[in-house]
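Residue numbering restarts at 1 for every chain, and letters A, B, ... go by the order of the sequence lines.
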Amino acid sequence: MSTDELNFVLKARREKHDALIERGIAPYAYGFKRTHTAAAAIAALGDADEGESVRVAGRIVAWRGQGKTSFAHLADDSGRIQLYFRKDELGEELFETLKLFDIGDVIGVSGALFRTKTGETTVRVASAEMLAKSLRPLPFGKEEVVDGVVVRHSGFSDPEQRYRQRAVDLAVHPEVRASFVARSRMVSALRAFLDARGFLEVETPVLQPLYGGAAARPFTTHHNALDIPLYLRIADELYLKRLVVGGFDAVYEIGHDFRNEGVDRTHNPEFTMLEWYQAYADYTDMMLLVEQLLVAAADSVRNHAAYTAAVPVLEPPFPRIQWVESLNAALEADVLAMSDAELRKAAVRADVAKADTLSRPKLLDELFQAHVERTLHNPTFVVDYPMELSPLAKPKRGAPELTERFELFAGGKELANAFSELNDPLDQRRRFEAQARLRAAGDEEASGIDEDYLRAMEHGMPPMGGVGIGVDRLFMYLSGISHIRDVILFPTMRPE
RNA sequence: GACCCGAUAGCUCAGCUGGUUAGAGCAACGGACUUUUAAUCCGUAGGUCCUGGGUUCGAUUCCCAGUCGGGUCACCA
């Protein structure tokens, strides 16, 4: 881009950049030795009025020139600190150079700490270095503190631009950075929880020749050298269970799954899934583990002041309700005895979309969603799903038309899905074949037959419990953040 | 996917039933100011009014289509 094409704001920045070079000042440095972060410097002064000399670095976020002095605020990861520049201390030349500094520039300064007459901890700047000249202005709003609360004026609020330009959003919104810190700490807490219980974190393929473990439409790609189609995984499940066959008795993975479906408040095409599998455990053991893990995750989020009030109080044990009984009660009928046609009629009455095209399992699922799921706000385990909805779960002991499966619902959303994992290869084959028939009949989300997975199971798969938890949604539930794009750093968007 | 809403200066926004040269605050530029903090004061500059059609003497404004986004609902075990 030539200078002529830049608008006046960018042009002014570029001219200052060139002027720095003319004065022999490199606009982009290689580093800066800091002695303190902004927060550490403020802590170092404590209650004193004069303090030690510090070296701090960060971005200029506010500037108040006042003739032969200037005040500025410098922001780093820890917070912000005020800078005080005086011509008589800096000398003519450096003070003149300050005119080439802009809001948004990254600078490093050194100088003694002191307290201004209004009480603010400030660095009396003795020297200042340009570390990165900002050629494009950042839309910092002005901030004032009213009754201890930061009020921002004229900031950067256009939602589209905030998500498209997340670097800018993060740079000007410390509270957005803080939300992602809270998320990251929660994920660390999940890892710590599982690590402490003997689980091994593993990584399984994102690129898979067959996709399975869930019902969803995949992203498809192609490997050139092998000349084969590959799918981005929709779940980790089938690979993790192969590892249990291999002798890893307790494994987990935190990674991205990909589902080629709609984008909305609670769905992003790529999202973070936690799955774990524990040999010799069943779904009742998994319920206890999920309860404890949720409590640990909630404690982690509660540690962040901004979310303390939002975190729900979790008091295990969570209520358990039976899938069939709760739907029967809602419909005043025996759902599993109903014919496909009767189910379809009930679905139409419940305003289920496209009820005439749905397979029996989908009809059951839709009816359950319409009549039961959306009423579940406090954490609740829904247990014992119909066989036809759960092709990877073991039959329920004493009720073979059901499976040992539960889902955890909270805030009206599914947070977890778990089974006593089916480990009978002959039964698994029959279930896959039933799925394949549904698929042939037009159910796009039904799985096919995964021969490689069956072969692993035929070698002998220990009984195990397994759980999947949507990490984005878990954090949303615990933090009270209502939109998934606010918990994903770079949410999927249509290109401009 | 359905319905509703939006797109105007770098940012946040105003712009009436269509009418001369599209405005404000912040940011920018010039000036004053040695403890300010949404600093203040004086001045200057800054626009493809999302795109394409249409109606009209005349469209940022009205109509249609499109693009992108937001909200609500539906869907995605």
Compare the minimum distances between each of B/U36, B/G70, B/A28 and the side chain of A/Pro159, then state the nucleotide with the smallest one.
B/G70

Quick one: label A/Ala12 by what it contacts on the DNA or RNA (base, sugar-phosphate, nothing), any heavy atom closer than 4.0 Å.
sugar-phosphate

Interatomic distance where CZ belongs to A/Arg115 and C1' belongs to B/U36 [whole Å]:
16 Å

Length of the line joining A/Arg136:CZ and B/A27:C1', which is rounded to integer Å
15 Å

Please check the phosphate of B/G71 (OP1 and OP2 only) for any side-chain N or O of A/Arg485 closer than 4.0 Å.
yes

What orientation do A/Phe406 and A/Phe381 show, parallel under 30°, tilted 30 to 60°, or perpendicular over 60°?
perpendicular

Euclidean distance for C1', B/U51 against B/C16 (whole angstrom)
26 Å

Regarding the side chain of A/Ala216, the nearest nucleotide among B/A77, B/A28, B/C13 is B/A77

Provide the distance between the two C1' atoms, one in B/G18 and one in B/U61, to the nearest whole Å.
6 Å

Can you tell me how far P in B/C57 sits from the matching atom in B/A74, rounded to whole Å?
49 Å

Separation of the P atoms in B/G66 and B/G30, to the nearest angstrom
48 Å

Just checking A/Lys99: base, sugar-phosphate only, or nothing, at a heavy-atom cut-off of under 4.0 Å?
nothing

Rounded P spacing from B/U67 to B/U56 in Å:
28 Å

Who pairs with B/G18 - Watson-Crick or G-U, where each distance is under 3.5 Å:
none

If we call it a pair only when both distances are under 3.5 Å in a Watson-Crick or G-U wobble match, what pairs with B/G6?
B/C68

Could you tell me how far apart A/Asp88 (CG) and B/C33 (P) are, to the nearest whole angstrom?
15 Å

Using the C1' atom as the point on both nucleotides, what is the distance between B/A14 and B/C26, in whole Å?
15 Å

If you check every side-chain atom of A/Thr69, which of B/C29, B/G10, B/U34 has the closest atom?
B/U34

Name the residue closer to the 5' end of RNA chain B, choosing between A/Asn417 and A/Met493 according to the nucleotide with the nearest heavy atom.
A/Met493

Nucleotide paired to B/G1 in any strand shown, Watson-Crick or G-U, under 3.5 Å:
B/C73

Decide yes or no, distance alone: a donor-acceptor N/O pair under 3.5 angstrom between the base of B/C75 and the side-chain of A/Asp264.
yes

A/Pro391 side chain, from C-beta outward: closest of B/A77, B/U35, B/U12
B/A77

Length of the CD-P vector between A/Gln161 and B/G70, whole Å
11 Å

Under the criterion side chain to side chain donor-acceptor pair (under 3.5 Å), I'd like the reasoning laid out for A/Ser482 against A/Arg265: C-alpha separation, chi angles, the key distance, then a yes or no.
CA-CA 7 Å; A/Ser482 61; A/Arg265 205 166 69 250; 5.5 Å; no

Donor-acceptor pair under 3.5 Å: do we get one between A/Glu120's side chain and the base of B/U35?
no

N/O (side chain, A/Arg265) to phosphate O (OP1/OP2, B/C73) under 4.0 Å
yes

Any salt bridge (charged side-chain N to carboxylate O under 4.0 Å, His left out) pairs touching residues 318-327 of chain A, not counting sequence neighbours?
A/Glu291-A/Arg320

Over how many whole Å does the gap from A/Leu135 atom CG to B/A27 atom C1' extend?
16 Å

Integer-rounded Å distance: B/G71 C1' and A/His483 NE2
9 Å

Determine the contact category for A/Pro386: base if any of its heavy atoms lies under 4.0 Å from a base atom, sugar-phosphate if only primed atoms, P, OP1 or OP2 are that close, otherwise nothing.
nothing

Please report the distance separating the P of B/U8 from the corresponding atom of B/U55, rounded so that it comes out in whole Å.
27 Å

P gap between B/U48 and B/G23, integer Å
15 Å

Let me know the distance between CD of A/Gln82 and P of B/A38, rounded to the nearest Å.
11 Å

With distance as the sole test, does A/Glu404 use its side chain to make a donor-acceptor pair with the main-chain N or O of A/Ser420 at under 3.5 Å?
no

Find the distance A/Tyr84:OH to B/U34:P and express it as a whole number of Å.
9 Å

Quick test: give all pairs of protein nitrogen or oxygen and nucleotides 39-47 of chain B nitrogen or oxygen below 3.5 Å, distance rounded to 0.1 Å.
| unit_1 | atom_1 | unit_2 | atom_2 | d |
| --- | --- | --- | --- | --- |
| B/A39 | OP1 | A/Lys142 | NZ | 2.4 |
| B/A39 | N6 | A/Gly65 | O | 3.0 |

Hey, are A/Asp427 and A/Arg431 close enough for a salt bridge, meaning a charged N less than 4.0 Å from a carboxylate O?
yes

Any salt bridge between A/Asp424 and A/Lys394, counting N to O under 4.0 Å?
no

Watson-Crick/G-U partner (both atom distances under 3.5 Å) of B/C62:
B/G54

Find out whether A/Arg59 and A/Leu138 are in side-chain contact, i.e. whether some heavy atom of one side chain is under 4.5 Å from a heavy atom of the other.
yes

Can you work out whether A/Ala215 or A/Asp158 has the more 5'-proximal nearest nucleotide on RNA chain B?
A/Asp158

Under a 4.0 Å threshold between the charged nitrogen and the carboxylate oxygen, would A/Glu144 count as salt-bridged to A/Lys142?
no

Can you label the angle between the A/Trp323 ring and the A/Tyr385 ring as parallel, tilted or perpendicular, going by 30° and 60°?
tilted

Assign A/Phe114 to base, sugar-phosphate, or nothing according to its heavy-atom contacts below 4.0 angstrom with the strands shown.
base

When you measure only distances, ignoring hydrogens and angles, does the side chain of A/Thr116 come within 3.5 Å of the base of B/U36 through a donor and an acceptor?
yes

State which of B/A28, B/A77, B/U35 makes the closest approach to the side chain of A/Arg124.
B/U35

Phosphate-side-chain proximity, A/Arg13 and B/G10, N/O vs OP1/OP2 below 4.0 Å:
no

Measure from the side-chain heavy atoms of A/Arg405 and tell me the nearest of B/A77, B/C11, B/C29.
B/A77

Winner on side-chain proximity to A/Glu160, out of B/G10, B/U35, B/G69, is B/G69

Taking the basic N atoms (NZ, or NE/NH1/NH2) and the acidic carboxylate oxygens, is any pair closer than 4.0 Å for A/Asp282 and A/Arg397?
yes

In Watson-Crick or G-U wobble terms, with both distances under 3.5 Å, the base opposite B/A24 is B/U12

Between A/Trp63 and A/Phe85, is the gap from one ring center to the other below 6.0 Å?
yes

